[in-house]
Q: 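Take a look at this one; I'll ask things after.
Below, read A as the first sequence line, B as the second, and so on, with proteins coming before strands; counting in each chain starts at 1. Note that the coordinates shown come from a computational prediction; the quantities given were computed from them, not determined experimentally.
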2 protein chains.
Amino acid sequence: MTAAEKHQAGRNPAAVPQPPAGRCPQPRGGGRLSGRAGIRDVAAAAGVSITTVSDALNGKGRLPDTTRSHVREVAERLGYRPSAAARTLRTGKSGLIGLTVTTYGEEPFTFTEFPYFAEMARAATSTALARGYALVILPAPARRGVAGLSGRPGHSGPSGPDVWSNVALDGTIVVDPSEKDPIVTELVRSGMPVVSDGKPGESLPVAAWVDNDHEAAVRRILDHLAESGARRIGLLTGTSTDTYTRVSTAAYLDWCRRVGQDPVYERYPAHDPCAGAVAADRLLARPDRPDAVYGLFDPNGTDLLAAARRYGLRVPEDLLLVCCSESASYATTAPPITTLSLKPGRIGTTVVQLLIDAIEGSSPPRPVQQVMPTELLVRTSSQRAGARTTVSPPRAPAAE
Amino acid sequence: MTAAEKHQAGRNPAAVPQPPAGRCPQPRGGGRLSGRAGIRDVAAAAGVSITTVSDALNGKGRLPDTTRSHVREVAERLGYRPSAAARTLRTGKSGLIGLTVTTYGEEPFTFTEFPYFAEMARAATSTALARGYALVILPAPARRGVAGLSGRPGHSGPSGPDVWSNVALDGTIVVDPSEKDPIVTELVRSGMPVVSDGKPGESLPVAAWVDNDHEAAVRRILDHLAESGARRIGLLTGTSTDTYTRVSTAAYLDWCRRVGQDPVYERYPAHDPCAGAVAADRLLARPDRPDAVYGLFDPNGTDLLAAARRYGLRVPEDLLLVCCSESASYATTAPPITTLSLKPGRIGTTVVQLLIDAIEGSSPPRPVQQVMPTELLVRTSSQRAGARTTVSPPRAPAAE
DNA sequence: TTGAAAGCGCTAACAC
DNA sequence: GTGTTAGCGCTTTCAA
């Protein structure tokens, strides 16, 4: 009996030694994917063992080229497609990496609409594919305990069944983890490589992180506004505890202390678009109204412009404006608004590279960190004199 | 010996009946994921069998609530996370759906930059998650034969290793399949549910498809331009054979025939941004220069505007302009440009719903089709008289 | 109501 | 150089 015949026979209950009792040996359970050929079918058709098939197709083992090409031919003829699930189970590698934003917890899944996230995710997807991985965007996992213990059948949150327990991830990218993010802790503890976009809190043992130097960026913007003649600079900031918000706000307060200005700021839940407009209004309605404002979030430029209009303030004559945004449309508002770009594309690329390095290599004991530059696009809204409109001129960071 | 003891013992080779020969029964191969608890560990700790654990966690079987909650408690205490890979292998469902654009074949993976695709993918991702699926964006599979036969080790194309063979998909969304797309055929033949964005060619046996009524949209735009005083309307179109390009171009030619105008159009490879600018230039350089142009692709508005400027043509006085775009920035160009929105968000949502229906239900014999409305945003560039700037007024389709 | 065991399709260790 | 076999972790069938 040749190997081929053996494998052929393996499909035929009658020709095989019976199991201990009179159990029925025909396929049950998950039930074979009816039409498709499996590795055994290929082996049988090619007259070799399944090992040889596996080796031939994966370029492993020490097979003569004749065998290899023969097997490949047969596989192709049968339309054989290896089962990714089986390979994943066997090797422990799925080739899938997750991307998630935990900051807003149970909030509905709207963050993909933010230009920053959209661009970051786009770059991350491309980079992952270029390295042979696919990227999966996932909502923040369910809050309590072992997320989605109940698997697909269960439902665990406003956004439907918990997907986390249904996808095998080789690693995860977490965007803007909060200070001591329980989700990140849980992920890391379960042995998953995690890389964060946004410097994580001290206690978060991520494998690596990427971030902008938000401190320097804020300093630079405030200096820029001061140079343009601002006497009292206000800040529109958020209530959440992610790095970006924390560091930027701290940098603002620090700058104020240094130059001897009283801080003038309003905080609002950044994920709520309406709250932004209200906060912008509040800021300009204050008795100690600032004559320049930096808004930490993308829509702040529009909101502040609208609020300024309501209060009869001209931009930039009465109010200087800068906001952090990835939207090109601020180049064409009236007046065009100066923005700080965090370069999310680069961040997405870098964060994926680091994650895959962590997955494939042995990760170093100390987390790898990488600081990415920002870009200040100076436009009309932040220049009182009709000065230059240069893009990110090389400039030393403000002296400390 | 209790069940718990048995399972405990199961980890101990000495206490278990030896296999036929003196084979070593200790775990080898894939090697257990060291730290993490498996279903057997939970069973042992809870003093039940793995069946009971499975049932308890999945809400199946007829277990008393006491058992169920006890098992859940133990599972949580051990930090048990079910293995998605194992579940997928067993059940045949991965909870993953693919999203791909085959049109441009081997082209580098830049299409995510198109606003249409970005918005469509965003909506698709959200919808998938809401229904308990995760969405994976994949590049067009390798051209020849059984895509990525060689799995992860192999490399098969300019964009790195072929990811297709490494992810288990329950179904796939194909954007803009070409007329008789071999990739779609291959996917469908392998038993994968496929839903297309863009009406597929007759011979493509997709489970469902979604599309705009491009014919009506083109007719409406041409009518609109004619009403604005256009005498000769040109078209900027593509060279690829996807539905959108084919149908739109055909509708244009048909309209020309009906009103007795000689067609004036230029074609270019739509994925090449430079080619667009050149084609726009060509169109306006023709001896039979049109006095109105409709551009089928997003960047055409900018390109045509630039070309018009080069030729000293004023918009809309000398040249009326409309393009198909999802970019809000056309609202603020000088002059603002009239655009047709295909509402990619709705399409993405719908296409996912249909795909999941196909995956979960028994798909009907005939493909489900769904036609989605478009939206014409009339702006300055297409109005010669200073008329209304209404958004998509209710309007009967042009009489045939 | 609970448990034993088969086996999803593949890879890797080892025997020949 | 090629084949046999265990087993990845789970779900499911069937027996008790």
Q: Expressed in angstrom and rounded to an integer, what is the separation of Ile39(A) atom CD1 from dT5(D) atom P?
A: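 Taking CD1 of Ile39(A) and P of dT5(D), I get 16 Å after rounding.
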Q: For Thr67(A), enumerate each residue passing the side-chain hydrogen bond (donor to acceptor under 3.5 Å, both in side chains) test, keeping only those at least two apart in sequence or located in another chain.
A: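 Listed in chain order: nothing, the list is empty.
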Q: Let me spell it out: for each of Thr52(B) and Ala86(B), pick the nucleotide of DNA chain C with the closest heavy atom. Which residue's pick is nearer the 5' end?
A: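 In this pair, the answer is Thr52(B).
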Q: Partners of Val74(B) by side-chain contact (heavy atoms from CB on, under 4.5 Å), sequence neighbours excluded?
A: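 With neighbours one apart ignored, the set is Val42(B), Ala45(B), Ala46(B), His70(B), Arg77(B), Leu78(B).
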Q: Atom CD1 of Ile50(B) and atom C1' of dG9(D): how far apart are they, to the nearest Å?
A: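 Between C1' of dG9(D) and CD1 of Ile50(B): 8 Å.
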Q: For Thr52(A), check side-chain hydrogen bond (donor to acceptor under 3.5 Å, both in side chains) against everything at least two apart and list the hits.
A: Ser49(A)
Q: Does a side-chain N or O of Ser49(B) approach OP1 or OP2 of dG3(C) to a distance below 4.0 Å, or not?
A: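 Answer yes for this pair, as a side-chain N or O of Ser49(B) is under 4.0 Å from OP1 or OP2.
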Q: Closest approach to the side chain of Thr91(B), judged atom by atom: which nucleotide of dC10(C), dT11(D), dC8(D) is it?
A: dT11(D)
Q: Ignoring hydrogens and geometry, is there a side-chain-to-backbone donor-acceptor pair from Asn58(B) to Ser54(B) under 3.5 Å?
A: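 Yes.
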Q: Expressed in angstrom and rounded to an integer, what is the separation of Asp65(A) atom CG from dG1(D) atom P?
A: 11 Å
Q: Once you round to the nearest 0.5 Å, how far does CD of Glu360(A) lie from NZ of Lys93(A)?
A: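 Glu360(A) atom CD to Lys93(A) atom NZ measures 7.5 Å (nearest 0.5 Å).
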Q: What is the distance, to the nearest angstrom, from the CZ atom on Arg90(B) to the P atom on dC10(C)?
A: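 Value for this atom pair: 16 Å.
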Q: Looking only at N and O atoms, is any donor in the side chain of Thr51(A) or the base of dT4(D) less than 3.5 Å from an acceptor on the other one?
A: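 Yes.
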Q: Please tell me which of the listed nucleotides, dT11(D), dG9(C), dT1(C), lies nearest to the side chain of Asn58(B)?
A: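 The listed nucleotide nearest to Asn58(B)'s side chain is dT11(D).
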Q: To check you understand the geometry: which heavy-atom pair defines the closest contact between Arg131(B) and Asp357(B), and what is its length?
A: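 Taking every non-hydrogen atom into account, NH1-OD1, 3.1 Å.
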Q: Side-chain N or O of Arg40(B) versus OP1/OP2 of dC8(D): is the shortest distance under 4.0 Å?
A: yes
Q: Side-chain N or O of Arg87(B) less than 4.0 angstrom from OP1 or OP2 on dT11(D)?
A: yes
Q: Quick one: is Thr67(B) getting a side-chain N or O under 4.0 Å of the dT2(C) phosphate, OP1 or OP2?
A: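 Yes, because at least one side-chain N or O of Thr67(B) sits under 4.0 Å from OP1 or OP2 of dT2(C).
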Q: In whole Å, I'd like the distance from the NZ atom of Lys93(B) to the C1' atom of dC10(D).
A: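 Rounded to the whole Å, the gap is 17 Å.
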Q: Which residues pass the side-chain contact (heavy atoms from CB on, under 4.5 Å) test with Thr185(A), not counting sequence neighbours?
A: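 Counting only residues at least two positions away or on another chain, Thr185(A) forms a side-chain contact (heavy atoms from CB on, under 4.5 Å) with Leu204(A).
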Q: Between dT2(C), dT11(D), dG9(C), spot the one nearest the side chain of Ser83(A), thanks.
A: dG9(C)
Q: Using atom CG of Leu57(B) as one end and atom P of dC10(D) as the other, report the distance to the nearest whole Å.
A: 10 Å
Q: Angle between the end axes of the helix from dT1(C)-dA16(D) to dC16(C)-dG1(D), five pairs per end, to the nearest 10 degrees?
A: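 What I find for the helix from dT1(C)-dA16(D) to dC16(C)-dG1(D) is an axis angle of 40°.
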Q: Taking only residues two or more places apart in sequence, or in another chain, which ones meet Ala134(B) in a side-chain contact (heavy atoms from CB on, under 4.5 Å)?
A: Val136(A), Leu138(A), Val163(A), Val167(A), Leu96(B)
Q: Specify the separation, in whole Å, of atom CG of Asp55(B) and atom P of dC14(D).
A: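 Spelled out: CG on Asp55(B) to P on dC14(D) is 15 Å.
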Q: Nearest whole Å is fine: how far is dC10(D) C1' from Asn166(A) CG?
A: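 After rounding, the reported distance stands at 13 Å.
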Q: Taking only the side-chain nitrogens and oxygens of Arg81(B), find out if one of them lies under 4.0 Å from OP1 or OP2 of dC10(D).
A: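 False: Arg81(B) side-chain N/O out of range (4.0 Å or more) of dC10(D) OP1/OP2.
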